[in-house]
Participant: 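Handing you this structure, nothing more for now.
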Amino acid sequence: MIIECRDLIKTYPVENTMVHAVNTVNLSVNKGDFLVILGHSGSGKTTLLSLIGGLTSPDSGQVFIDGVENWQQSDRALSTMRNSKIGFIFQFASLIPTLSVMENILLPLSFGRNPAGSRELALDILAQVGLADKARAFPSQLSGGQQRRVSIARSFINCPDIILADEPTGDLDEETEKDILELFRGYNEQGTTFVVVTHNSDLAATQKGARVFSMRQGVLSSQDA
Amino acid sequence: MALKNIEKQLNILDYALSSLWRRRAKSFSILLVFAAIIFLLASFQMVTQSLSDKAKQVLAYTPEITLQKMSAGRQEAIPLAYREQLAGIFGIRRVVPRIWGYYFDEVRLANYTVMGMELENMPEGARLDASLANGKMPGPEARGWVFVGHSIKEALNLDERYTFSLFRPDLTLKAFTVSGEFSRDTDILTNDLIVMNLADARDLYGIPAGLVTDFCVYVANPKEIDTIAKKISTALPSVRVLTRPQIQKTYQVVFGWRSGFGSICLLAALAAFVILAWDKASGLSPEERREIAILKVLGWETSDILATRFWESLIVSGLACILGMTAAYIHVVYFAASLFRPVLMGWSVLRPDLHLLPRMAAGDILLILAFTVIPYLAATVIPAWRSATVPADSALGG
Ligand SMILES: Nc1ncnc2c1ncn2[C@@H]1O[C@H](COP(=O)(O)OP(=O)(O)OP(=O)(O)O)[C@@H](O)[C@H]1O
Ligand SMILES: [Mg+2]
């Protein structure tokens, strides 16, 4: 089991009440799984991804990545885990505006690894998302969809075991969306685990073999037949 | 492992440098303000330090006791005959009569200080020989020989010639020959000074025989200065007795007041700087907070993020220190600390071309660094730390 969530609860204080963003979620993900989580806006999808990736600590419950509990380890170990095992694709553009596309993509490799060959790797991945000619551009010179594709490219740079994707195709046209999903499938076939969050239910249909979940008011339920 | 760590630190340093460069306008303005503060602090420190060195020098050449005759609250000539009354006081080593005054040169519109004394009678150590850059003291018989300070030499154009003349009160001319020049180390004391034999000064000012302007009294045991001063006061009630400790105290009070005033101004500037730094840094812009959040998400440790901040601040403050200290040195040495002189000395008291030898103790440098670099580092690293320790997702939204 590569990801395991046990009785995850996360609440946020909103005005005078507590919002249960994630409410008692139990989830087991095997290596090579492709998960699609559907849900309306505000149903807790982003919060769940943050909990899995160790960006937010849960109120109660645990998240295990490869059998290690996220918040039982030091900041260093958690960071190393994030850096080496997880690729994040965020719902909103998450590029550093003052760095070029290439520099943004190389950020996860900034230290700890030999940079030799990483530029070639980055160019290769850029080509896979269809932006081979934009390596020197700055985020402000790209469209929203192009920025999204750069952050997708960045999530693949350190060959993570898990991709956590939050609305990865939200601002892409159908054609590009197809290409990106194709790309995901390719990585998935090589063993990369995907957890993709979306409110587009068609996405689930196109991804054969995907395990589909739906989320409603913080509660996760399986849609598998 | 160690090698990997070094490589990592180098990468962090690289990131810090490039992020300084990316925000070059902001980095540069902080650098300038920072350097300016260090420049002010360091100049001030160097000037006060070198002035108090000078003060020590002045005091070293000040007689242990000076006697002036007072009449109606004003100073007037003192009869040489008073020496006999002093002869009876135990503990006095030597009494040296002196004629000194100012000479206004109407041609060059400059003021000189003329001092005539029985040079050969001065005790060892109080002699001015030690402060001569070249030449030697004229002997007791050498009439018309003088030695001069630096600005006199300039004013009278004594580079090419050795002789000059000054007017007596009856407008006849008296000729002098330069036999030596004071070293610039004693500028504060000797810059505008013309030293000559007592007889020559008497001749120049037309002071009648048997009168001088004051007596320099040297004592056998410096611990007895006060006792001897009291005895002199009793013996010669019309005489004002000035002791070296008294002069020292006055000097310290004036100097202390001035430098205290300066310190307050500097502290105010420093406080403003710290507030500015704090304000700039603690109000991390949304972009900066986002950047920190993104780096965290990508697997940077909190300590890595702090390290980039730390390197950035260290680079800025290091450069600022080098710039500020160098500028301060140049300011003090080559521009004679022209920014501070009105505060520290007052234009009228000392010549504008006073030569300062800056002196800076290691302790002073550390103190300046402690007052600038440390608050700055704190002001930049702490907010980044606060921002790096909150959950990363809150800055990314979702
Ligand atoms: N940092 C936060 N502070 C307070 N409330 C929050 C915070 N993050 C999320 N919430 C609340 O938790 C609930 C779930 O939010 P979440 O962002 O997980 O929804 P989502 O499913 O990703 O929605 P969307 O599809 O619009 O992105 C919402 O009611 C939201 O208001
Ligand atoms: Mg969301």
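Numbered from 1 within each chain, the chains take letters A, B, ... in sequence-line order.
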Participant: Starting from the C-alpha separation in whole Å, work towards a yes-or-no answer on side chain to side chain contact (heavy atoms under 4.5 Å, CB included) for A:R76 and B:D304.
Facilitator: CA-CA 10 Å; A:R76 161 163 301 189; B:D304 299 334; 5.5 Å; no
Participant: Which distance, rounded to the nearest 0.5 Å, do you find between the CG of A:D75 and the CD of B:E301?
Facilitator: 6.0 Å
Participant: Are the side chains of A:L78 and B:K296 in contact, using a 4.5 Å heavy-atom criterion?
Facilitator: no
Participant: With a 4.5 angstrom heavy-atom cut-off, is it the side chain or the backbone of B:L295 that approaches chain A, or both, or neither?
Facilitator: side chain
Participant: Is it true that atom NE2 of A:H20 has more than 12 heavy atoms of other residues, nucleotides or ligands lying nearer than 6.0 Å?
Facilitator: yes
Participant: I need the minimum non-hydrogen distance between B:W300 and A:L107, along with the two atoms involved.
Facilitator: NE1-O, 3.6 Å
Participant: Count the heavy atoms of every other residue, nucleotide or ligand shown that sit under 6.0 Å from CZ of A:R136, and state whether that count exceeds 12.
Facilitator: no
Participant: Can you check whether A:L99 reaches B:R22 side chain to side chain, under 4.5 Å on heavy atoms?
Facilitator: yes
Participant: Heavy-atom count check: over 12 atoms from other residues, nucleotides or ligands less than 6.0 Å from B:F310 CZ?
Facilitator: no
Participant: With the side chain counted from C-beta on, respond yes when A:F90 and B:I294 share a heavy-atom pair under 4.5 Å apart, and no when they do not.
Facilitator: no
Participant: For A:Q217, is the CD atom crowded, meaning more than 12 foreign heavy atoms sit under 6.0 Å from it?
Facilitator: no
Participant: Looking only at heavy atoms, which two atoms of B:L298 and A:P108 are closest? And how far apart?
Facilitator: CD2-CG, 4.1 Å
Participant: Side chain, backbone, both or neither: which part of A:L95 has an atom under 4.5 Å from a heavy atom of chain B?
Facilitator: backbone
